[in-house]
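Data first, discussion second: the structure below is written as structure tokens.
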Number of protein chains: 2
Amino acid sequence: MLHEEVVGRIRAILLDGEIPPGARIPERELCERLEISRTPLREALKVLAAEGLVQLLPHRGSRAAKLTDKDMRDLFEVCQGLEALAGELACERISDAEIGAIAAAHDEMVRHYREGDLIQYYRGNRAIHEAIVAAADNPVLAGLYASVTARIRRARYVTPMTPQRWALAVKEHEAILNALQRRDGAGLSHILRAHLRHKREEVLQAGFAETEANDLGLRIA
Amino acid sequence: MLHEEVVGRIRAILLDGEIPPGARIPERELCERLEISRTPLREALKVLAAEGLVQLLPHRGSRAAKLTDKDMRDLFEVCQGLEALAGELACERISDAEIGAIAAAHDEMVRHYREGDLIQYYRGNRAIHEAIVAAADNPVLAGLYASVTARIRRARYVTPMTPQRWALAVKEHEAILNALQRRDGAGLSHILRAHLRHKREEVLQAGFAETEANDLGLRIA
DNA sequence: TTTTACATTTTTGAATGCAAAATTTGCGAT
DNA sequence: ATCGCAAATTTTGCATTCAAAAATGTAAAA
């Protein structure tokens with residue numbers, strides 16, 4: 001089995017919340033489940049630890065990383081910076097076809113908003129942000145963005161959304177699309193920053209801090 | 001031996017250019033040299049591959065990553081974005097003592113400039129940029145910055161420096177220190193971007209592209 | 001002399017084995 | 001019954017081993 005595949009499968013297990021934050025990662029069990037020996041599994045865990053999804057405790061095994069409020073704030077700040085950069089670069093490089101695709105995704109997302117379908121809305125929202133990053137045509141940036149968003153993802157999509165906040169988010173997305181269509185890099189960068197800052201306030205205000213109770217909620221959601 | 005230590009030592013070997021970009025990494029030799037078996041070495045290589053310093057070729061071993069012009073451009077863009085972000089955050093959080101330390105480092109760097117000591121100048125330059133990132137008080141950002149700069153470091157410090165460019169760089173650093181002292185986040189962010197953009201032009205114009213000839217140069221320098 | 005087929009050696013990727021450390025279990029004392 | 005402590009078990013980290021793939025070398029044929 002390819003090494004990269006093991007990393008991907010464990011990452012998926014962690015992102016699904018199947019192993020909740022802070023929980024021990026059972027080496028032997030995972031070996032049996034993935035039908036591999038400990039060597040490739042441990043290699044994968046080291047890689048995931050470097051990514052920040054797993055923490056290794058010497059002689060005590062590995063655990064799914066548990067994020068503090070501070071970690072969350074830090075991750076959001078970086079995510080903001082990366083998206084702002086992606087927005088600027090995207091405006092320089094994006095093709096009309098790509099803008100068209102994003103506009104379509106935007107319209108669909110707005111439809112989900114009108115229907116009140118939060119899950120589908122989030123899915124569309126994520127697709128747009130990822131499309132902007134992709135349009136920046138910078139694999140290094142895309143890689144870091146993927147890594148950072150993976151770490152916040154769980155919290156990002158489980159916060160309660162008030163009608164006011166939701167309406168504001170949609171409004172901001174209108175502005176995002178608009179700036180993109182005008183290829184206004186500075187403007188887009190600015191809007192994305194504000195958008196992410198609001199998102200962060202939302203998440204942190206919801207009293208993030210991964211607790212056992214929270215973990216249960218995350219697993220169900 | 002601690003796993004993290006092996007990663008650090010191999011990273012150092014790669015950054016020193018002891019194994020030049022594109023060269024095969026001799027597993028057995030490294031094992032003997034570090035006095036470890038292949039298991040921890042291979043774990044370390046996987047981590048370094050995830051960081052982008054090493055590339056793994058299935059059934060063909062690992063090589064020191066070789067950067068194309070495009071890779072270099074991408075890395076610089078991201079580095080710029082991260083430093084700009086760090087500058088903004090630093091202005092919000094930096095203490096007077098930290099500013100004082102940076103001012104001192106700045107003066108020393110200028111002294112090296114006046115003396116024409118490029119090596120020491122680069123060292124001081126790097127210290128200042130790292131201090132700004134540290135002042136942002138964001139470990140996630142610091143980690144990504146370290147990873148990105150590690151990848152460009154070799155190229156960053158071997159480009160020919162014309163007197164004009166050097167004078168401009170010093171001037172920009174005056175502005176950087178000034179913005180920091182005024183805690184002008186937006187201004188600092190702007191200057192840092194320009195500073196890095198100039199640096200990038202310098203490096204790319206020098207016709208980067210890691211070639212065998214270039215590797216030799218890197219190893220000596 | 002060059003090229004191609006084949007055998008040998010080397011190297012890689014993964015499983016297993018082993019010693020050290022940590023955790024759990026069991027037993028006796030309070 | 002509870003606490004303390006030592007023995008047993010489990011788990012971790014690394015070394016070694018093994019099978020498969022790639023590289024290398026050799027010899028015969030064009």
Side-chain angles (χ1 to χ4, degrees), chain A residues 1-14 17-67 143 210-212 215, chain B residues 1-14 17-67 143 210-212 215:
Chain A
M1 190 189 288
L2 205 56
H3 155 80
E4 196 54 53
E5 192 190 324
V6 179
V7 174
R9 291 190 60 180
I10 302 175
R11 205 200 322 261
I13 289 173
L14 292 171
E18 201 179 317
I19 296 177
R24 274 177 101 265
I25 295 173
E27 231 173 65
R28 192 150 297 284
E29 270 180 50
L30 266 185
C31 285
E32 287 165 19
R33 177 163 158 192
L34 303 182
E35 295 175 299
I36 54 174
S37 77
R38 286 178 55 222
T39 306
L41 177 76
R42 289 169 55 76
E43 286 172 352
L45 288 176
K46 300 271 196 297
V47 169
L48 292 166
E51 275 181 37
L53 280 171
V54 164
Q55 62 187 139
L56 304 174
L57 300 94
H59 293 287
R60 294 193 177 184
S62 41
R63 311 181 87 87
K66 198 167 187 167
L67 300 183
E210 286 177 333
T211 62
E212 297 312 312
D215 293 345
Chain B
M1 190 191 290
L2 206 56
H3 155 79
E4 195 55 51
E5 194 190 324
V6 179
V7 174
R9 291 191 59 182
I10 301 175
R11 204 201 322 263
I13 289 173
L14 292 171
E18 201 178 318
I19 296 176
R24 274 177 104 266
I25 295 173
E27 236 175 60
R28 192 150 299 282
E29 268 180 51
L30 265 185
C31 285
E32 286 165 20
R33 175 164 161 193
L34 302 181
E35 295 176 295
I36 54 175
S37 77
R38 285 176 57 220
T39 307
L41 178 77
R42 289 169 56 76
E43 286 172 353
L45 289 176
K46 300 266 195 300
V47 170
L48 292 166
E51 275 181 35
L53 279 171
V54 164
Q55 62 186 138
L56 305 174
L57 301 95
H59 293 288
R60 292 185 174 198
S62 41
R63 302 181 159 279
K66 198 165 186 169
L67 301 182
E210 287 177 333
T211 60
E212 296 314 310
D215 293 346

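Convention: sequence-line order gives letters A, B, ...; per-chain numbering from 1.
Proximity of residues 52-64 of chain A to DNA chain C (heavy atom under 4.0 angstrom from any strand atom) is restricted to A:H59, A:R60. Of the residues in residues 40-47 of chain B, those placing a heavy atom less than 4.0 Å from an atom of DNA chain C are B:R42, in numerical order.
Atoms CG and CD1, from A:L45 and A:I10 in turn, are 5.0 Å apart once rounded to the nearest 0.5 Å. Interatomic distance, CZ of A:R42 versus NE2 of B:H3, reported as 9.5 Å (0.5 Å rounding).
When the nearest nucleotides of DNA chain C are assigned to B:R28 and B:T39 by heavy-atom distance, the more 5′-ward of the two goes with B:R28.
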Got a list of side-chain donor-acceptor pairs under 3.5 Å for residues 47-61 of chain A, not counting sequence neighbours?
| from | atom 1 | to | atom 2 | distance (Å) |
| --- | --- | --- | --- | --- |
| A:E51 | OE1 | A:R11 | NH1 | 2.6 |
| A:E51 | OE2 | A:R11 | NH1 | 2.9 |

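One atom, CG of B:L34, and another, P of D:dA15, lie 11 Å apart when rounded to the nearest Å. Summarising the geometry, the separation between CD1 on A:I25 and P on D:dT12 is reported as 10 Å, rounded to the nearest angstrom. Atom P of nucleotide D:dT16 and atom CD of B:E27 are separated by 15 Å, given to the nearest angstrom. The distance between atom CD of B:E35 and atom P of D:dT16, rounded to the nearest whole Å, is 13 Å. Here D:dA19 presents its C1' atom at 18 Å from CD1 of A:I36, a figure rounded to the nearest Å. Protein atom CD of A:E29 is 16 Å distant from nucleotide atom C1' of D:dT12, rounded to whole Å.
Contact record, A:V6 with A:P40: CG1-O, 4.2 Å, taken as the closest heavy-atom pair. Of all the heavy atoms in A:A65 and A:P21, the pair that sits closest is O-CB, 3.5 Å. For the residue pair A:I19 and A:R24, the shortest heavy atom distance occurs at CG2-O, 4.1 Å.
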Determine, stepwise, if the pair A:I25 / A:I13 fulfils side chain to side chain contact (heavy atoms under 4.5 Å, CB included).
CA-CA 11 Å; A:I25 295 173; A:I13 289 173; over 6 Å; no
Hey, mind stepping through A:V7 and B:K46 against side chain to side chain contact (heavy atoms under 4.5 Å, CB included) and telling me if it holds?
CA-CA 11 Å; A:V7 174; B:K46 300 266 195 300; over 6 Å; no
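In summary, of the residues considered (A:T39, A:L41, A:L34), a side chain to side chain contact (heavy atoms under 4.5 Å, CB included) with A:S37 occurs for A:T39 alone.
Take B:E43 and apply the side-chain hydrogen bond (donor to acceptor under 3.5 Å, both in side chains) test, not counting sequence neighbours, and it matches no residue. By the side-chain hydrogen bond (donor to acceptor under 3.5 Å, both in side chains) test, B:R63 pairs with no residue at all, sequence neighbours left out.
Put simply, chain A comes within 4.0 Å of DNA chain C, heavy atom to any atom, from C:dA14 to C:dT23, going 5' to 3'.
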